[in-house]
Amino acid sequence: MLFRASAETVAVMSLDGSLFLHLIDRFVHMHGYRPGASEVRSWERSIPVLATALNDAGLGDVEVMLEYALPLNSKRADVVLAGVHPVTGESSYVVVELKQWSQALPDEDDPTLCHVDTYAHPVLNPIEQVRRYCEYLVNFNGAVAEHGHRVAGVAYLHNATEFGVSGLREIERNEHGLLFTAERRGAFLGHLRARLSDEHRGALAADELQAGAAVPSRQLMTVAAEEVRERSQFVLLDEQQVAYRMVLNAVEKAKHADRKEVVIVTGGPGTGKSVIALQLLGELYRRGVPALHATGSQSFTKTMRKVAGARKREVQDLFKYFNSFMTSEKNSLGALICDEAHRIRETSANRYTRAEHRTGRAQIDELIDVANVPVFFLDEHQVVRPGEMGTVAEIKAAAAKRGIPCSVVPLDSQFRCGGSDAYLRWVVRLLGLAPGGPVEWEPDGRMQLMVADSPQELEAFLEDRRTQGFGARMSAGYCWRWSPEPRPGAALPLDVTVGDWARPWNLRGERSVSGAPPAALWATDPAGFGQVGCVYTAQGFEYDWSGVIIGPDLVWRSDRWVTDRTASTDPVFTKSVLDADVDRLIRNTYKVLLTRGMVGTIVYSTDPETREKLRELVSDRPETQLSKTEESMQRR
């Protein structure tokens, strides 16, 4: 949080102007940049109104926590009030969302959204906003995890009239989300008095909340067990079941013997790593073990949230990012499931990280420290960015440094790429990621592979497969500039150009533009076809048919591959990145793109000599007739 003090102190500091200067200084110190003008304006205009209301209600000893950071999350509540309940004598908390709006109208189609004149697009109804903050706090703060009744939430629109915002109240259901306006100030004071007393114990209640461990509540784990565990099941086979059992056994041993253990599960694309991760999550929740799922990929995490929490929104909060644990208490979790662990970075710090958290501590150390059993699912051949260090050697070294035993379980069974181990071997040999050099592709009846002579032929083939009911995507190496996203309604810039063929990259942002889905949903939303994906949006996903454009950053010359870093427009390849690292990362990039297809892959190279080499290795040409594999899938 930025600041905490009694309501009386906040009122005095607001009056003499020192509070806002203090908040600005604290913000700069914590974040490394100045707060926006709108945020400062909110502090100047809204906090004094709330402080005055508290003191007028006789609640000057209530502790006021400003810009309260939600646990394991980058979101902040405007204010959390801490005190003692006047009837029960228990600690009591009120989350307050302050708005300067004078009026707002509910969205006609979705009352959890509303329209405010100052915003061009719909925003969240403040009742829904504060309700979610309350529920999240109960789900992840140990001080209130078993005492949800201690938390209430209010949206205080202190400039609004009843007439201006009355439509928002349609979604008021409980004390986690109530709305008060300037006209109902008396009712607001009455509500505060009903939740908080004038006893001098506000600071103690605030201390209790701050000391609460950031772990999933038992109630949330029960919901997750039902939602994750009881969804359509996959049967774990052979080494998959071995990995699953080893993690559960390690968790049991850690619980009874007070010991840590690290488990690493390695496997290529489609070996079932994410399936095992979800199965583990559901089983751990069923056993009452505090656990979280984490990845380093925004696209992957958002899709996992959508898949696993489709019916229970609170389950989505159990899916975190690797940089969520910078300030977490050691061993506060029974297990941490790190999926796509090859995306682990050197450090969690970025330009938004608070100054006091820039400790230089390795991200891998944070992940190991937070849980009794950290579990890492990874594929070393999917490391595609400088600074990614999720390798078996790095994780084992970090565990050994702490004297923690480490087990490694390799996965071999293939579910992606038509279940074709032969295809995966062909890809890694093609790209020089395994010894032996490229070999001719011999069809195995599981995976289809063909070479296109033009991007038009590649796209037409994929479009034909889509008309047959199959999913398909086009992706490419990062060899074309990526223009800024256009304004809503404008055409997407046609950045990926080959001759007279041109298509846009997938979107980079979190909103849909001109009918194209946001970046996190490009691989899973049918509207993603037509944009060209990159390795960062394709990694971790699969679709029936994958069309891959190999750009000029990887070309075949005589008897070997040659990587050309000057042909890459990937901004992560700075001058400080060594040529050998660029070579490895570019080859890994194409390995990722070439292993996305569940049924087949069609590949095109922009370089004539490279196309000729691919043609030597692959005899199949694009055809519109369905294969036996596809016909079998359609029947299913």
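Note that the structure is a prediction, hence the values are computed from the model and not measured.
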> Do R615 side-chain atoms and V451 backbone N/O form a donor-acceptor pair below 3.5 Å?
Replying inline: yes

>> Using every non-hydrogen atom in the two residues, find where Y536 and R343 come nearest and quote the distance to one decimal.
In response: CD2-NH2, 4.2 Å

>> Test of understanding: with side chain to side chain donor-acceptor pair (under 3.5 Å), list the residues that count as partners of S512, not counting sequence neighbours.
In response: none

>> For the NZ atom of K591 and the CG atom of D379, what is their distance to the nearest 0.5 Å?
In response: 4.0 Å

> Would a 4.5 Å heavy-atom cut-off, applied to side chains only, mark V427 and R425 as touching?
Replying inline: no

>> Can you see whether W501 engages E459 through a side-chain donor-acceptor pair at a distance of less than 3.5 angstrom?
In response: yes

>> I'd like to know if the side chain of T601 and the backbone of G597 have a donor-acceptor N/O pair within less than 3.5 Å.
In response: no

>> Please give me the minimum heavy-atom distance between W441 and M447, naming the atom from each residue.
In response: CZ2-O, 3.4 Å

> Are S328 and V370 close enough that some pair of their side-chain heavy atoms sits under 4.5 Å apart?
Replying inline: yes

> With no hydrogens and no angle check, do the side chains of T566 and D564 hold a donor and an acceptor under 3.5 Å apart?
Replying inline: yes

>> Is it true that T524 and Y543 share a donor-acceptor pair across their side chains at a distance under 3.5 Å?
In response: no

> Would you say the side-chain atoms of S568 pair up with the backbone N or O of R565, donor to acceptor, closer than 3.5 Å?
Replying inline: no

> Are any side-chain N or O atoms of R503 and backbone N or O atoms of G530, one a donor and one an acceptor, separated by less than 3.5 Å?
Replying inline: no

Side-chain atoms of residues 546-556: list all donor-acceptor pairs with protein atoms under 3.5 Å, sequence neighbours left out, distances to 0.1 Å.
unit_1	atom_1	unit_2	atom_2	d
S546	OG	L593	O	3.3
D553	OD1	Y590	OH	2.6
W556	NE1	S558	O	3.1

> In terms of side-chain heavy atoms, does S348 have a donor or acceptor partner in E366 at a distance below 3.5 Å?
Replying inline: yes

> Should the heavy atoms of other residues, nucleotides or ligands under 6.0 Å from CD of E346 be counted, would the total exceed 12?
Replying inline: no

> Between the side chain of R429 and the main-chain N/O of P438, is any donor-acceptor distance below 3.5 Å?
Replying inline: no

> Taking C-beta and beyond as the side chain, do F470 and L462 meet within less than 4.5 Å on heavy atoms?
Replying inline: no

>> I'd like to know if the side chain of T569 reaches the main chain of W480, judged simply by a donor and an acceptor atom lying under 3.5 Å from each other, with no hydrogens or angles considered.
In response: yes

> Is the backbone N or O of L430 less than 3.5 Å from a side-chain atom of W561, with the two atoms forming a donor-acceptor pair by type?
Replying inline: yes

> Quick one: does K273's side chain have a donor or acceptor within less than 3.5 Å of a partner on G267's backbone?
Replying inline: yes

> What closest approach, in Å, do L378 and A341 show between heavy atoms, and which atom pair accounts for it?
Replying inline: CB-CB, 4.0 Å

Give the table of side-chain donor-acceptor pairs shorter than 3.5 Å for residues 484-497, with sequence neighbours excluded, one pair per line with atom names and distance.
unit_1	atom_1	unit_2	atom_2	d
E485	OE2	R508	N	2.3
E485	OE2	G509	N	2.7
D495	OD1	S483	OG	2.7
D495	OD2	S483	N	2.8
D495	OD2	S483	OG	3.3

> Could you go step by step and tell me if E616 and K613 meet the salt bridge (Lys or Arg N to Asp or Glu O under 4.0 Å) rule?
Replying inline: CA-CA 5 Å; E616 290 177 13; K613 178 62 178 178; 3.8 Å; yes

>> I'd like to know if the side chain of Q363 reaches the main chain of R345, judged simply by a donor and an acceptor atom lying under 3.5 Å from each other, with no hydrogens or angles considered.
In response: yes

> How are the rings of W505 and W482 set to each other: parallel, tilted or perpendicular (split at 30° and 60°)?
Replying inline: parallel

> Under the 3.5 angstrom rule, does the side chain of D607 hit a backbone N or O of T610 as a donor-acceptor pair?
Replying inline: yes

